Amino acid sequence: MYRTHDCNALRPADIGKTVTLCGWLNSRRDHGGVIFIDLRDREGLTQVVFRPEEHAEAAAAAHGLRGEDVLQVSGVVAARLPGTENPKLATGAIELVAGDLTILNKADVPPFPIDEEIANEDLRLTYRFLDLRRPRMARNLKLRHRVVKTARDFLDEAGYLEIETPILSKSTPEGARDFLVPSRLAPGLFYALPQAPQQYKQLLMVGGLEKYFQIAKCFRDEDLRADRQPEFSQIDIEAAFITPEDIFSLIEGLFRRVFQAARGIDLPTPFPRMTYDEAMNRYGSDKPDTRFAMELRDLGDVFAASDFKVFKGALAGGGVVKAINAKGFAGVTTGQIEELTAMAKLHGAKGLAFIKVEKGEWKSPIVKFFSEQEKQSLRERLGIEEGDLILFGADKWETVCNVLGRIRLRVAEIQRLTAGMEALHFLWVVDFPLLAFSEEENKWNAVHHPFTRPLAEDLPLLERGEFSRVRAQAYDVVLNGVEVGGGSIRIHEQALQARMFEVLGVTREQQQTMFGHLLRAFSFGAPPHGGVALGLDRIIMLLCGTENIRDVIAFPKNNRGMDLMSQSPSEVDFKQLRELAIQVVKKNP
RNA sequence: GGAGCCUUAGCUCAAUUGGUUAGAGCGCCGCCCUGUCACGGCGGAGGUUGCGGGUUCGACCCCCGUAGGCUCCGCCA
């Protein structure tokens, strides 16, 4: 047996016991005679004292110890001398008086300090095995374990079966770019890594398993972000004979249990609900951050007969005029206005009109076009007061909502409205549109995915071809402006699914080659079913209070999808390629 | 594919308007030190300022290019 306790276990009650600890040397304070070391394992720190007059051999050996050496120390637990207790340590009232010291392994000098935060993430990722020794990373991974374990227990108690689905699966045309895996046995053919276990979980429902879940690894070959990795995890859930209401309460219960276990937080349920239209109209986003107001206000009626051509023109063309009131932001700098204007233009607006309310005066390039009546209405509608900054959007509805929604978030960031805020604003966004028209491809695409069920009352709209008005039985769960999950009730009838593919421009032949198995399954008595997928990494990020997904994954990829520690991806031997019938075309240098 | 910021000792950062030998703290190495916990004291090593080119009497500093990192847009059903 290597040890009797961990390094966070010993307390005054253990004084007098003979114990053995193992761990890494966190720090050494060598006084020439007496020597102190802090021994670290994943649970914490314990001070070990070497006294030459009591155990000369161990003390002599302790002089040669260096940071990160791996040690085994035996001795007697003692109270610290009065006045030398360390209240910063959980074990600070006691120390281990070393009798025996075994050096299990010497360590080279680490390339960066283990006991403090460093900024160089490149280096941290290259030496990830050292980075993981840092208490913050250990804490994040422990919390991740707690979340996953709690979710498994909760879903098990609710009657859900954890079932694995294939990693080697089939490429599908919709959605993200696939990672491909060449087949050796069928040269020239490829598996795809799953973007999500979507079809498999629906087929499990056809298979009569009724309630399924999985902590599913998903793969998407798209560019990375601070909150996006090419491989990530979902808590994937699907059930037969289930309504959206059932799913909402299941997921609310799951979040309650997880937040209780991970952070001791008692979440209020049920979560508020908001339709997609309302979210867009009030917050300019389908994942609204409701921790602060600054809501979008519609001004169509105010400017219906305006002399200001930009607003009147937008309204006449079927568009909208909206504004947000950035309370207390009249002190905005010229540079910030330029930044916000550039942001507005980047997302399709022609410009960004504004009013600064300073010293009782409305400072603005456009206010001269407004009548007294219009100014009065504005004042009331937006609650305008001294020190406010009003920002306008006038264009198509989608453009105005999107632009003002992004500006709202940027202004909140500049004003630090949510800095240090502990609030947890969960909400469901419901009644998403089923379809969205892509100008680029000149076709209709599924907003959620092609298996999403239209709202029953909107089926006639689908038949009449009024695609933009068809709503889906789809829902997202949003926390503090972050989409942490989403799902839908699925189509379970062959005919309706075929009709959806038709609308999406998938030919009958394509339907058969790509989705034939699913359509066939639906013809053999598929039960009504639906589900949801929760973004595990993002949930852990919010629980850990980090903005960086790499902080909650043991071995993540960097910005360019590379693992700096193992140097992957890497070149492979030409024999491997030959077996796979693959020829690499190298870019000219 | 595009944009912004960044790159100086092992780490975190300085370096005056372009000026002569590029500094500090931590870490590291050596010596000393018997109650520290950011231990302390003395001494020491450590740099092609990412790389390449240019301007200049002179470049860490200015210009061009390039590589790498991070963040964002596009992309992510």
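Just so it is clear: chains get the letters A, B, ... in the order the sequence lines come, proteins before strands, and each one is counted from 1. Since the structure is predicted, the reported quantities are computational estimates derived from the model, not experimental observations.
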Asks: Give none if rG47(B) has no partner; otherwise give the nucleotide forming a Watson-Crick or G-U wobble pair with it, both distances under 3.5 Å.
Replies: none
Asks: Measuring to OP1 and OP2 of rC76(B), would you say a side-chain N or O of Arg225(A) lies under 4.0 angstrom away?
Replies: no
Asks: Does any donor-acceptor pair link the side chain of Arg220(A) with the base of rC76(B) at a separation under 3.5 Å?
Replies: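 For Arg220(A), whose side chain was compared with the base of rC76(B), there is no donor-acceptor pair (under 3.5 Å).
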Asks: Under a 3.5 Å cut-off for both contacts, is rA24(B) paired Watson-Crick or G-U wobble with anything, and if yes, with which nucleotide?
Replies: rU12(B)
Asks: Say you pick atom C1' in rU8(B) and the same atom in rG4(B); how far apart are they, in whole Å?
Replies: 22 Å
Asks: Taking the C1' atom in each of rG41(B) and rG69(B), what is the distance between them to the nearest angstrom?
Replies: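 One C1' to the other, the span is 40 Å.
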Asks: Side chains of residues 78-88 of chain A: which donor-acceptor pairs under 3.5 Å do they make with residues two or more places apart or in other chains?
Replies:
| unit_1 | atom_1 | unit_2 | atom_2 | d |
| --- | --- | --- | --- | --- |
| Arg80(A) | NE | Gly92(A) | O | 3.2 |
| Arg80(A) | NE | Ile94(A) | O | 2.9 |
| Arg80(A) | NH1 | Thr84(A) | O | 3.4 |
| Thr84(A) | OG1 | Leu81(A) | N | 3.3 |
| Thr84(A) | OG1 | Leu81(A) | O | 2.7 |
| Glu85(A) | OE1 | Gly83(A) | N | 3.1 |
| Asn86(A) | OD1 | Lys88(A) | N | 2.9 |

Asks: Specify the separation, in whole Å, of atom CG of Asn558(A) and atom C1' of rU71(B).
Replies: 14 Å
Asks: Do Phe36(A) and His31(A) have ring centres separated by under 6.0 Å?
Replies: yes
Asks: So do the side chains of Arg550(A) and Arg124(A) get within less than 4.5 Å of each other, counting heavy atoms only?
Replies: no
Asks: Find the partner of rG35(B): check Watson-Crick (N1-N3 plus N6-O4 or O6-N4) and G-U wobble (N1-O2, O6-N3) distances, both under 3.5 Å, and reply none if neither fits.
Replies: none
Asks: Among rC70(B), rC76(B), rC73(B), which nucleotide has an atom closest to any side-chain atom of His347(A)?
Replies: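 Selected nucleotide (nearest to the side chain): rC73(B).
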Asks: Which residue lies toward the 5' end of RNA chain B, Ala176(A) or Ala226(A), if each is placed at its nearest nucleotide?
Replies: Ala226(A)
Asks: Heavy atoms under 4.0 Å, any strand shown: does Leu123(A) hit a base, just sugar-phosphate, or nothing?
Replies: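 Since only primed, P, OP1 and OP2 atoms lie under 4.0 Å of Leu123(A), the category is sugar-phosphate.
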Asks: For Asp563(A) and Gln567(A), which I'm curious about, is there any donor-acceptor pair between the side chains at under 3.5 Å?
Replies: no
Asks: Determine the contact category for Pro450(A): base if any of its heavy atoms lies under 4.0 Å from a base atom, sugar-phosphate if only primed atoms, P, OP1 or OP2 are that close, otherwise nothing.
Replies: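 It contacts base atoms.
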Asks: When you compare rC60(B) with rU17(B), how far apart are their C1' atoms, in angstrom units rounded to a whole number?
Replies: 15 Å
Asks: Taking the P atom in each of rC37(B) and rC73(B), what is the distance between them to the nearest angstrom?
Replies: 47 Å
Asks: In whole Å, I'd like the distance from the CG atom of Leu193(A) to the C1' atom of rC76(B).
Replies: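 After rounding, the gap between these two atoms is 16 Å.
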Asks: Describe the nucleic acid contact of Asn120(A) in one word from base, sugar-phosphate, nothing, applying a heavy-atom distance below 4.0 Å.
Replies: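 If one applies the 4.0 Å heavy-atom cut-off, Asn120(A) turns out to touch the sugar-phosphate alone, with no base involved.
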Asks: Between rG46(B) and rU16(B), how far apart are the C1' atoms? Round to whole Å, please.
Replies: 27 Å
Asks: Measure the distance from CG on Asp227(A) to P on rC75(B) and round it to the nearest whole Å.
Replies: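 After rounding, the reported distance stands at 16 Å.
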Asks: Round to a whole Å and report the spacing from CG of Asp223(A) to P of rG69(B).
Replies: 13 Å
Asks: Tell me which of Ala196(A) and Asp122(A) sits closer to the 5' end of RNA chain B, going by the nucleotide each one is nearest to.
Replies: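 Nearer the 5' end of the strand: Asp122(A).
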Asks: Base, sugar-phosphate or nothing for Arg410(A)? Non-hydrogen atoms, less than 4.0 Å.
Replies: nothing
Asks: Identify the nucleotide, in any strand shown, that forms a Watson-Crick or G-U wobble pair with rG30(B), with both distances under 3.5 Å; if there is none, say none.
Replies: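 rG30(B) is paired, partner rC42(B).
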Asks: Please confirm whether the shortest side-chain N or O distance from Arg124(A) to OP1 or OP2 of rC70(B) is below 4.0 Å.
Replies: no
Asks: Identify, with sequence neighbours excluded, every residue that meets side-chain contact (heavy atoms from CB on, under 4.5 Å) alongside Asn26(A).
Replies: Asp38(A), Arg40(A), Leu45(A), Asp115(A)
Asks: Just N and O in the side chain of Arg406(A): are any of them under 4.0 Å from OP1 or OP2 of rC73(B)?
Replies: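 Looking at the OP1 and OP2 atoms of rC73(B), one of them is under 4.0 Å from a side-chain N or O of Arg406(A).
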Asks: Without decimals, in angstroms, what is the distance between Glu339(A) CD and rC72(B) C1'?
Replies: 11 Å
Asks: Are more than 12 heavy atoms from other residues, nucleotides or ligands located less than 6.0 Å from atom NZ of Lys350(A)?
Replies: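 No, because the 6.0 Å sphere around NZ of Lys350(A) holds 12 heavy atoms or fewer from other groups.
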Asks: If I pick the C1' atom on rC5(B) and the same atom on rC42(B), what distance separates them, to the nearest angstrom?
Replies: 43 Å
Asks: Would Thr165(A) and Gln214(A) count as having a side-chain donor-acceptor pair, cut-off 3.5 Å?
Replies: yes
Asks: Does any donor atom in the side chain of Gln497(A) or Arg453(A) lie under 3.5 Å from an acceptor atom in the other side chain?
Replies: no
Asks: State which of rU71(B), rC73(B), rG10(B) makes the closest approach to the side chain of Leu346(A).
Replies: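 Of the candidates, rC73(B) comes closest.
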Asks: Rounded to the Å, how far apart are Arg550(A) CZ and rU71(B) C1'?
Replies: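 Distance check: Arg550(A) CZ to rU71(B) C1' gives 10 Å.
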Asks: If we call it a pair only when both distances are under 3.5 Å in a Watson-Crick or G-U wobble match, what pairs with rC60(B)?
Replies: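 The answer is none; no pair meets the criterion.
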Asks: Phosphate oxygens OP1/OP2 of rG69(B): is one of them under 4.0 Å from a side-chain N or O of Asn559(A)?
Replies: no
Asks: Please name the nucleotide paired to rC5(B) by Watson-Crick or G-U wobble geometry with both distances under 3.5 Å, or report none.
Replies: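 In the structure as shown, rC5(B) has rG69(B) as its Watson-Crick or wobble partner.
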Asks: Nearest whole angstrom, please: distance from the P of rC70(B) to the CD of Gln229(A).
Replies: 10 Å
Asks: Would the Tyr475(A) and Phe432(A) ring centres measure less than 6.0 Å apart?
Replies: no
Asks: P atom, rC32(B) versus rA38(B): distance in rounded Å?
Replies: 26 Å
Asks: Starting from P on rG69(B), measure out to NZ on Lys557(A) and report it in whole angstrom.
Replies: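 So the NZ-P distance, Lys557(A) to rG69(B), works out to 15 Å.
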Asks: Would you measure the distance from the P atom in rG1(B) across to the matching atom in rU66(B) and give it in whole Å?
Replies: 13 Å
Asks: Hey, what's the ring geometry for Tyr127(A) with Phe129(A), parallel, tilted or perpendicular (30° and 60° as the breaks)?
Replies: perpendicular
Asks: Give the B/S/- string for nucleotides 28-41 of chain B, one per nucleotide from 5' to 3', where a protein heavy atom under 4.0 Å of the base yields B, of only the sugar-phosphate yields S, and otherwise -.
Replies: SSS--BBBBBSB--
